[in-house]
Amino acid sequence: MAARGERSMSELEKNNKPRRDQQNPDESELLTVPDGWKEPQFTREDNPRGLLEESSFATLFPKYREAYLKECWPLVQKALGETFINATLDLIEGSVTVSTTKKTFDPYAIIRARDLIKLLARSVPFEQAVRILQDNVACDIIKIGTLVRNRERFVKRRQRLIGPKGSTLKALELLTNCYVLVQGNTVSALGPYSGLKEVRKVVLETMKNIHPIYNIKTLMIKRELANDPDLRTQSWDRFLPNFRRKSLSKRQKPKKKKVKKEYTPFPPPQLESQIDRELASGEFFLRESEKRRRKMKEIKVKQAEALSRKQEERKKAFIPPKEKPAEKKTKKASTVDQLDIQAIKEKVKKAKNKKLGAPPPQRAAPPADRKKKTT
């Protein structure tokens, strides 16, 4: 009996082992969403009895949004009416209220309606804000007003997020498939959940003085890597760029260091008054006439010193400056520069004998030749 029992136990263990392997598949397969997966839409058949209690949300909007909300309010009511949500616009108080009705069957519809009125109050156009009513779309309103203390620095970083002619914001929208609007002290984002996560990261790092172009580069690389099915389960750290912060130079120390005085619990000594000085010097006991004489003497001494200074300054203008001794420069005539006088005289004689533009003079014939010609 014991042998039969051992055999049966061993057979059961063998049969149970493959069942455990079938029940516990790989965790990566459980975490990955299959391609083309879509959640089934929530219909009235899922909740035929409706909601037990009524719930409502309200939000305020600025004065400049009043005209736009008046125009698009019929479209808002029509969009919310499909999910049986009631919406009211109060222009006196400047508020928008949404509430459920007895016909409302989707419990999450009121949350989407709340997000819709929030986006409309934050200057998001109705064409984009109405997308929040879809199942695969969410919104995120990021508050950036308190992240930077200095107002000028805050404006510069906010403009850096927008980029020249909105180019940086447009690139972020294309990479994350989200609609992003920078308005005042908030950034409104609308799109899929994965894109909203990246938008929040980029916005917060931009306000911490990290340029958005670095995050945009990493998003572009991630987008290319996601298309490769072999790399989906691998780590992407080797492909992503690692941007390091530049170590800024140390703060320059001041040349003059202020030396702190030692702390003493006693107050500083009281300053002497004019009467105390006169008592110390003995002037207090003198007559008024003697005091005047002393004052006049002091004034005359000061005047004499000032006069002597002015005279010295005037005399300085008449003092001639020191001149350097003149040096006689005697240069010997070089042999090259010496003129050949004899050669010049000969040239002048030749020039006198010649006549410009006339043939050279003929020599006179001897006298014997003349007699022959006459005969």
Side-chain angles (χ1 to χ4, degrees), residues 41 56-100 106 108-145 154-155 157-204 206-207 212 216 219:
Q41 196 171 2
S56 62
F57 291 99
T59 185
L60 300 172
F61 60 86
K63 185 73 175 174
Y64 61 85
R65 292 292 289 171
E66 187 176 327
Y68 182 78
L69 287 172
K70 270 185 186 179
E71 289 180 9
C72 69
W73 193 246
L75 299 171
V76 174
Q77 286 181 327
K78 186 181 177 181
L80 294 175
E82 294 175 1
T83 54
F84 303 102
I85 298 290
N86 188 20
T88 55
L89 176 65
D90 192 350
L91 297 174
I92 297 168
E93 292 184 359
S95 65
V96 184
T97 310
V98 288
S99 59
T100 57
D106 189 358
Y108 199 71
I110 187 65
I111 304 297
R112 289 174 183 159
R114 179 200 65 182
D115 293 340
L116 175 64
I117 60 174
K118 272 188 180 180
L119 293 169
L120 289 171
R122 294 309 312 159
S123 299
V124 177
F126 172 75
E127 292 78 10
Q128 294 290 339
V130 77
R131 289 170 52 207
I132 196 67
L133 301 176
Q134 299 172 12
D135 286 337
N136 59 346
V137 179
C139 74
D140 190 9
I141 296 172
I142 307 157
K143 294 180 181 179
I144 57 173
F154 167 74
V155 172
R157 290 180 187 177
R158 185 180 62 182
Q159 186 60 34
R160 192 183 297 166
L161 179 65
I162 297 166
K165 297 181 181 179
S167 57
T168 308
L169 206 64
K170 190 68 179 174
L172 188 62
E173 287 178 354
L174 292 170
L175 290 167
T176 56
N177 296 324
C178 293
Y179 174 79
V180 186
L181 177 71
V182 181
Q183 177 72 19
N185 294 333
T186 58
V187 178
S188 305
L190 182 76
Y193 292 97
S194 58
L196 292 175
K197 193 177 177 182
E198 297 293 341
V199 169
R200 177 172 274 274
K201 183 188 173 186
V202 173
V203 170
L204 293 177
T206 303
M207 301 313 290
I216 286 168
L219 286 172

Between [X] and [Y], which heavy-atom pair has the shortest distance, and what is it?
X: F154; Y: G184; answer: CZ-O, 4.1 Å
X: L116; Y: A129; answer: CD1-O, 3.3 Å
X: T206; Y: P212; answer: OG1-CB, 3.8 Å
X: R131; Y: Q128; answer: NH1-OE1, 2.8 Å
X: C178; Y: G195; answer: SG-C, 3.6 Å
X: F126; Y: Y68; answer: N-OH, 2.9 Å

Test Y193 against N136 for side chain to side chain contact (heavy atoms under 4.5 Å, CB included), laying out the working first.
CA-CA 8 Å; Y193 292 97; N136 59 346; over 6 Å; no
To the nearest 0.5 Å, how far apart are [atom1] in [X] and [atom2] in [Y]?
X: L190; Y: D115; atom1: CG; atom2: CG; answer: 9.0 Å
X: Y64; Y: S123; atom1: OH; atom2: OG; answer: 3.5 Å
X: S188; Y: K118; atom1: OG; atom2: NZ; answer: 10.5 Å
X: I144; Y: R157; atom1: CD1; atom2: CZ; answer: 11.5 Å
X: T100; Y: F57; atom1: OG1; atom2: CZ; answer: 9.5 Å
X: L89; Y: T97; atom1: CG; atom2: OG1; answer: 9.0 Å

Check the pair F61, L91 against side chain to side chain contact (heavy atoms under 4.5 Å, CB included), reporting the backbone distance first and the verdict last.
CA-CA 9 Å; F61 60 86; L91 297 174; 4.2 Å; yes
Working note: L204 + I142, criterion side chain to side chain contact (heavy atoms under 4.5 Å, CB included); need CA distance, chi angles, decisive distance, verdict.
CA-CA 9 Å; L204 293 177; I142 307 157; 4.2 Å; yes
Looking at K201 and E198, is any side-chain nitrogen of the basic one under 4.0 Å from a carboxylate oxygen of the acidic one?
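Judged by the 4.0 Å cut-off on N to carboxylate O distance, E198 and K201 do not form a salt bridge.
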Could you tell me whether R112 and D135 have a side-chain N and a carboxylate O separated by less than 4.0 Å?
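D135 and R112: salt-bridged.
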Hey, does [Y] have a side-chain heavy atom less than 4.5 Å from the side chain of [X]?
X: Y179; Y: V199; result: no
X: L120; Y: L69; result: yes
X: I85; Y: V98; result: yes
X: E93; Y: S95; result: yes
X: D140; Y: R200; result: yes
X: V180; Y: V187; result: yes
X: R65; Y: P62; result: yes

For Q41, does the CD atom have more than 12 heavy-atom neighbours from other residues, nucleotides or ligands under 6.0 Å away?
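Not more than 12 within 6.0 Å, no.
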If you apply the rule side chain to side chain contact (heavy atoms under 4.5 Å, CB included), what do you find for R122 with L119, and how did you get there?
CA-CA 5 Å; R122 294 309 312 159; L119 293 169; 5.7 Å; no
Partner of I216 under side-chain contact (heavy atoms from CB on, under 4.5 Å), chosen from V202, L175, T176:
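Single pass found, and it is L175.
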Give a yes-or-no answer on whether the side chains of R160 and T168 include a donor-acceptor pair shorter than 3.5 Å.
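No, because no side-chain N or O of R160 sits under 3.5 Å from a partner of the opposite role on T168.
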